Number of protein chains: 2
Amino acid sequence: MVKITDVARHAGVSPSTVSYALSGKRPISEETRRRVERSINELGYRPHAGARALASSRSAVLALAIPLRAGVHIPVAMGFAVSVVTAARRHDHDVLLLTQEEGEDGLRRVADTALVDGLIVMDVQLHDDPRLPLLRALDLPSVLIGVPADPTGLTCVDLDFRAAGELCVERLAALGHRVIALIGSPPEVYVRRTAFAQRVVQGFTAAADRRGLSSSVHPCEATPAAARLVAEQLLREQPALTGVVVHNEAILTPLIDAFEDLGLRVPADLSLTAICPDDLAETLPVPVTSVAVPSTEVGAGAVDLLMRKLNGTGHTPETTLLPPRLTERASTVARATR
Amino acid sequence: MVKITDVARHAGVSPSTVSYALSGKRPISEETRRRVERSINELGYRPHAGARALASSRSAVLALAIPLRAGVHIPVAMGFAVSVVTAARRHDHDVLLLTQEEGEDGLRRVADTALVDGLIVMDVQLHDDPRLPLLRALDLPSVLIGVPADPTGLTCVDLDFRAAGELCVERLAALGHRVIALIGSPPEVYVRRTAFAQRVVQGFTAAADRRGLSSSVHPCEATPAAARLVAEQLLREQPALTGVVVHNEAILTPLIDAFEDLGLRVPADLSLTAICPDDLAETLPVPVTSVAVPSTEVGAGAVDLLMRKLNGTGHTPETTLLPPRLTERASTVARATR
DNA sequence: TTCGCCCGTCGAAGCGCTTCGACGGGCGCG
DNA sequence: CGCGCCCGTCGAAGCGCTTCGACGGGCGAA
């Protein structure tokens, strides 16, 4: 193993100079820096991560706690994870993967052992998430993906799901639909009171009431059979239904199939709006008008906020809500006047 | 921060004794160990990961390189990742997430900086995977999930996909089917010559030839539209078709739909066998007879092998192939004699 | 011309842990 | 009864890096 003293000797400088040339924390003459860099390349020097962490009390590693509970759409979660890793690398950091299994203990462990410099936590509950007191107490900076009811003392990023719910309704209302329904995430997601799911419901309901629409809300398991049942129930209970908002990635296709089987064509008889990743919306049998879940932006945003906290650079807002963006596709049309 | 010297003082022993009590690398009297443990708990001591890594040249972190290329089924990949993390924790190790984006450089970086003790690499190509020479050259132990054509000097685990392909064919043959087809992964997976996809084809073809069946192989994009096209093509080219093997998680549902739309009922007119995770096979509209992709076993196996290499315990075989297990479900029946 | 200051560099002191050699005391064996 | 051995413990020396204080030399200002 080649170490910093080897580089120093080879370049004819002291180890501290090599360190400063690398970190830029003190001025180094252009010529010296060049010599040091050449030596580093020639010798293939790579600073030892552990030694660095010990001396600087910075590990350059971030922890990412990913949710793997029932009801979470895996590809969406994975999208966040990937964008977090990518963003972290841009800041010369690595990402440690924590699963839900360890729960709070895992967070505490990596924090207490100084394994990581900061935490990113996904899938936050709206109320009484047991991890939040811990995060507030820890002296390690952290960022949540998802916004709890009380974000005091925390830093959160997410799509503005409430506004997303409203936007879907507004769009349907603008197209003349008067009777609408929200088909949501699996029931367990609501039981856990997961923040994002709750907020969509709030937005949906608020906008529907504001516009004087007749509306209903239906959680739905992530299975084709459940989708079919919901579709049948909807037709029975709201025969005048012409607009649907879907917030459940897994059942978009089966749901559309079910409606068509029941004699409702999308969009001719039923306009459909979804909250889901763009790539999903585009590749469905009927491309769906949707509000994008911008995993890349959210993941990158979380990392950027975390780095800002780590560097003490500027102020970090408690909550950062990304504005929803609706893309019109083939699944929505103006209501046929009856 | 409470450190080992604090614990030592509190327990009335030397720091080295605390260390040995923790690691068990030297005998410590029952009574001393107890005192040390009490002090650790009372003070809430947590060893500093960086210091530990520096002194012991062991970081207790594993790197996991996950594939995110086109054609890889995300939930399956995620299943592996989760099982790797879980298994690693059982061995008191953590997992660093590496994405494909960094490619070989990422592997080299975490190895050279001693950030990790070992590497787990997913989605190996059958031929000329550029990472393999690197892995062979690195002095860090590594395990592949997936088996390349030439595994010399490597350690690999995977489902025996060749046998899985054969097993599916054997089952169909045993049920009397004489004309069969394999509907496989997206074309890009074959272009990359991904190991597991190739092997299924080999097994499928070999078994079909052995049994004297008429057979064909069809890569298929992971979209419903592509599934439909393949179904139509199949009926056109092999009108006598009664058995299908599907090795493409994403299109199972659309494929079944497509066949039914074309007048072929599963299993009445068409027996269908898949290679996919059990939970998927069970929750399909028609529960599908399948060979399980055992992500938990594979992930755990990879970690166990890696730990064995790390500890120098016993010999590690070059390739470990998990035998396929076929579960009979509703999608297969004996061929109606015509 | 001289003083003071700053730029660029060096040396040394750790960061918190592991590990190696050493050592004292108890016990079994001759 | 005494020698040697082993068990349990200690002290000290690093692991490879960062960082702090110090210092020399050059330059601008007085």
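These figures come from a predicted structure and were not determined experimentally. Atom set for the values below is all heavy atoms of this structure, side chains included, hydrogens, waters and symmetry mates excluded.
Salt-bridge formation is not detected for the pair B:R108/B:E104: no Lys NZ or Arg NE/NH1/NH2 atom is positioned less than 4.0 Å from an Asp or Glu carboxylate oxygen.
For the pair B:L54 and B:T17, nearest-nucleotide mapping onto DNA chain D gives the more 5' position to B:T17. Projected onto DNA chain C by closest heavy-atom contact, B:R52 and B:R26 fall at different nucleotides, the more 5' of which corresponds to B:R52. Two residues, B:A55 and B:I28, neighbour DNA chain D, and the one matched to the more 5' nucleotide by heavy-atom proximity is B:I28.
Nearest approach of A:H48 to B:L54, heavy atoms of both residues: CE1-CA, 4.1 Å.
Among the protein residues, B:P27 comes within range of the nucleic acid bases, having at least one heavy atom under 4.0 Å from a base atom. Contacts of B:S56 with the nucleic acid, taken as non-hydrogen atoms under 4.0 Å apart, involve only primed sugar atoms and P, OP1 or OP2. Heavy atoms of A:S29 sit under 4.0 angstrom from primed sugar atoms or phosphate atoms, though from no base atom.
Side-chain atoms of B:H91 do not come within 3.5 Å of backbone N or O of B:H93 as any donor-acceptor pair. In terms of modelled atom types and a separation under 3.5 Å, the side chain of B:R58 and the main chain of B:L310 share a donor-acceptor contact. Judged by distance alone, with hydrogens and angles left aside, the side-chain atoms of B:D160 form no donor-acceptor pair with the main-chain N or O of B:L322 at under 3.5 Å.
D:dA22 and C:dT9 make up a base pair, with Watson-Crick or G-U wobble contacts both under 3.5 Å. Checking D:dC17 for Watson-Crick or G-U wobble geometry (two distances, each under 3.5 Å) identifies C:dG14 as its partner.
Note that the first and last nucleotides of DNA chain C, 5' to 3', having any atom under 4.0 angstrom from a heavy atom of chain A are C:dG8 to C:dG16.
Of the residues listed (B:V110, B:D105, B:L64), the one engaging B:L98 in a side-chain contact (heavy atoms from CB on, under 4.5 Å) is B:V110, and it is the only one.
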